[in-house]
Amino acid sequence: MGKSKVLVVGGTGYIGRRIVKASLEQGHETYVLQRPDIGLETEKVQMLLSFKKLGAHLVEGSFSNHQSLVDAVKLVDVVICTMSGVHFRSHNLMLQLKLIEAIKDAGNVKRFLPSEFGMDPALMGHALEPGRVTFDEKMTIRKTIEDANIPFTYISANCFAAYFAGNLSQMGTLFPPRDKVVLYGDGNVKVVYMDEDDVATYTIKTIDDPRTLNKTIYIRPPENILTQRELIEKWEKIIGKQLEKSTISEQDFLSSMKGLDLASQVGVGHFYHIFYEGCLANFEIGDGEEASKLYPEVQYTRMDEFLKLYA
């Protein structure tokens with residue numbers, strides 16, 4: 001069996017660009033959807049051209065032109081969608097319904113990985129408004145994929161380190177504090193932190209693996225399951241200094257949502273589920289698989305190593 005040909009939709013995005021590079025690095029013939037609505041975004045154009053230099057193929061396709069999507073899909077074996085589902089960027093998960101239609105009509109795709117890469121939406125049926133829309137939409141996409149009998153792999157990648165680890169999980173900043181830090185409750189809830197490049201590496205590993213067919217893959221390597229306190233201790237060790245710690249109770253944290261804009265309310269809700277409820281690590285992996293067990297050869301980034309960049 002040769003390696004699958006891969007189409008990445010959303011290849012210039014935050015996780016998409018990493019997926020493109022991981023696909024090329026692992027020897028897959030890689031196509032990136034080039035959408036006409038990129039307009040005058042020169043950085044995205046330059047990124048697409050940089051992929052081309054690395055050996056990727058650019059293929060034109062538009063969500064307003066069904067046949068162009070079908071034609072793009074027919075070139076490959078695997079489609080990976082990485083379109084944004086976060087409210088402070090662009091929230092367009094439901095556009096994937098058009099992609100699913102194209103995959104259905106093309107009829108050749110042996111694996112589809114929809115845009116997930118966060119918490120497992122199947123476990124978030126109880127999520128708070130307004131942030132639950134992310135999980136509800138992802139479940140709508142899943143149902144559509146499964147109703148169409150499209151072979152799939154769902155990737156639950158937990159917390160991206162640049163958003164949750166580099167800042168010691170503080171909201172509103174991406175840099176670690178050097179004096180004071182806020183703990184969510186007692187700071188002892190288990191969280192899973194992942195370097196984004198590692199997420200991409202594991203994702204590409206799954207696409208030709210029969211063990212991951214029609215499964216949810218949890219990227220939950222043991223040394224990256226940390227409490228917020230443990231993460232802070234790693235930073236304190238690096239800078240050789242204790243931070244002044246204060247705590248915010250569950251009630252006060254939820255109250256802070258009042259009066260915020262939509263994107264911030266969504267963020268508070270998601271932080272609540274992660275840091276108070278422990279939704280990333282408070283369950284056993286049932287029918288799914290854990291990526292670091294499937295692929296022990298991947299040398300994933302530990303968070304002390306990650307945090308050293310910020311010192």
Side-chain angles (χ1 to χ4, degrees), residues 3-39 41-63 68-69 72-73 75-100 102-103 109 111-119 121 134 137-138 141 145 152-164 174 194-207 217 219 291 301:
K3 286 179 179 274
S4 286
K5 295 177 183 177
V6 179
L7 172 68
V8 183
V9 179
T12 59
Y14 183 69
I15 200 71
R17 70 187 81 152
R18 293 170 167 85
I19 297 275
V20 172
K21 286 179 179 167
S23 179
L24 289 166
E25 281 165 8
Q26 292 181 42
H28 294 273
E29 192 172 330
T30 305
Y31 294 76
V32 183
L33 193 72
Q34 177 188 325
R35 290 159 62 195
D37 54 1
I38 203 165
E41 293 190 59
T42 52
E43 286 182 5
K44 288 188 175 181
V45 171
Q46 286 170 349
M47 197 182 301
L48 287 171
L49 295 175
S50 75
F51 294 154
K52 204 171 169 184
K53 274 187 187 171
L54 292 171
H57 308 281
L58 305 184
V59 53
E60 289 186 32
S62 169
F63 281 92
S68 73
L69 289 181
V73 165
L75 296 169
V76 299
D77 311 297
V78 172
V79 178
I80 303 175
C81 187
T82 60
M83 297 177 75
S84 174
V86 290
H87 284 76
F88 63 88
R89 285 176 180 268
S90 54
H91 184 90
N92 47 23
L93 291 172
M94 296 304 276
L95 267 181
Q96 291 180 97
L97 292 173
K98 294 186 175 184
L99 184 58
I100 293 166
I103 291 169
V109 168
R111 198 81 66 98
F112 176 44
L113 284 68
S115 188
E116 296 221 349
F117 306 104
M119 309 173 215
T134 304
E137 288 184 359
K138 286 179 177 180
I141 299 299
I145 291 166
F152 63 84
T153 298
Y154 303 140
I155 304 288
S156 174
N158 299 299
C159 285
F160 291 161
Y163 284 110
F164 289 90
L174 294 176
M194 282 305 303
D195 180 283
E196 291 86 336
D197 290 333
D198 293 342
V199 169
T201 298
Y202 281 123
T203 297
I204 296 299
K205 288 262 181 192
T206 69
I207 63 177
I217 305 306
I219 307 181
T301 306

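One-based numbering along the sequence shown. Excluded from the calculations below are hydrogen atoms, water molecules and symmetry mates; all remaining heavy atoms, backbone and side chain alike, are included. As the structure is a computational prediction, the values presented were derived from the model and not from experiment.
Side chains of T82 and Y14 form no contact here, defined as non-hydrogen atoms less than 4.5 Å apart. Here the side chains of P121 and T134 are not in contact, with every heavy-atom distance at 4.5 Å or above. Within the 4.5 Å cutoff, no side-chain heavy atoms of I103 are placed close to those of I145. In this structure, I80 and F112 have side chains that are not in contact, with every pair of non-hydrogen atoms separated by 4.5 Å or more.
Note: H57 NE2 to L7 CG = 11.5 Å, rounded to the nearest 0.5 Å. In this structure, Q46 CD and T12 OG1 are separated by 12.0 Å, a value rounded to the nearest 0.5 Å. The CD1 atom of I207 sits 8.5 Å away from the CG atom of D77 when rounded to the nearest 0.5 Å.
Minimum heavy-atom separation, L69 to A102: CB-CB, 3.6 Å. When all heavy atoms of L75 and K5 are compared, the closest pair comes out as O-CD, 3.5 Å.
Applying the side chain to side chain donor-acceptor pair (under 3.5 Å) rule to S62 yields the partners S64; only residues at least two apart in sequence or on another chain are considered. F164 meets the ring-ring contact (aromatic ring centres under 6.0 Å, His included) test with F271; sequence neighbours excluded. With sequence neighbours left out, the side chain to side chain donor-acceptor pair (under 3.5 Å) criterion links Q96 to no other residue. Scanning for ring-ring contact (aromatic ring centres under 6.0 Å, His included) contacts around F63 gives an empty result, with sequence neighbours left out.
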Pair C81-L113, side chain to side chain contact (heavy atoms under 4.5 Å, CB included): steps then yes or no | CA-CA 6 Å; C81 187; L113 284 68; over 6 Å; no

Could you walk me through whether I19 and I204 pass side chain to side chain contact (heavy atoms under 4.5 Å, CB included), step by step?
-> CA-CA 7 Å; I19 297 275; I204 296 299; 4.0 Å; yes

Stepwise side chain to side chain contact (heavy atoms under 4.5 Å, CB included) check, I217 with Y202 = CA-CA 9 Å; I217 305 306; Y202 281 123; over 6 Å; no

Identify every side-chain donor-acceptor pair in residues 20-39 under 3.5 Å, counting partners at least two apart or on other chains, and give the distances.
| from | atom 1 | to | atom 2 | distance (Å) |
| --- | --- | --- | --- | --- |
| S23 | OG | T30 | OG1 | 2.7 |
| Q26 | NE2 | T201 | O | 3.1 |
| H28 | ND1 | S4 | O | 2.8 |
| E29 | OE2 | Y31 | OH | 2.7 |
| T30 | OG1 | H28 | O | 2.8 |
| R35 | NH2 | D37 | OD2 | 3.3 |

What pairs of donor and acceptor atoms, side-chain ones from residues 152-159 against any protein atom, are under 3.5 angstrom apart with sequence neighbours left out?
| from | atom 1 | to | atom 2 | distance (Å) |
| --- | --- | --- | --- | --- |
| T153 | OG1 | R111 | NH1 | 2.7 |
| T153 | OG1 | T212 | O | 2.9 |
| Y154 | OH | E146 | OE2 | 2.6 |
| S156 | OG | G118 | O | 3.0 |
| N158 | ND2 | I219 | O | 2.8 |

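Among residues at least two apart or in separate chains, there is no salt bridge (Lys or Arg N to Asp or Glu O under 4.0 Å) pair with a member in residues 49-62. Counting only residues at least two apart or in different chains, salt bridge (Lys or Arg N to Asp or Glu O under 4.0 Å) contacts with residues 196-205 comprise R18-D197, K205-E297.
Checked by atom type and distance alone, the side chain of S115 pairs as donor or acceptor with a backbone atom of M83 at under 3.5 Å.
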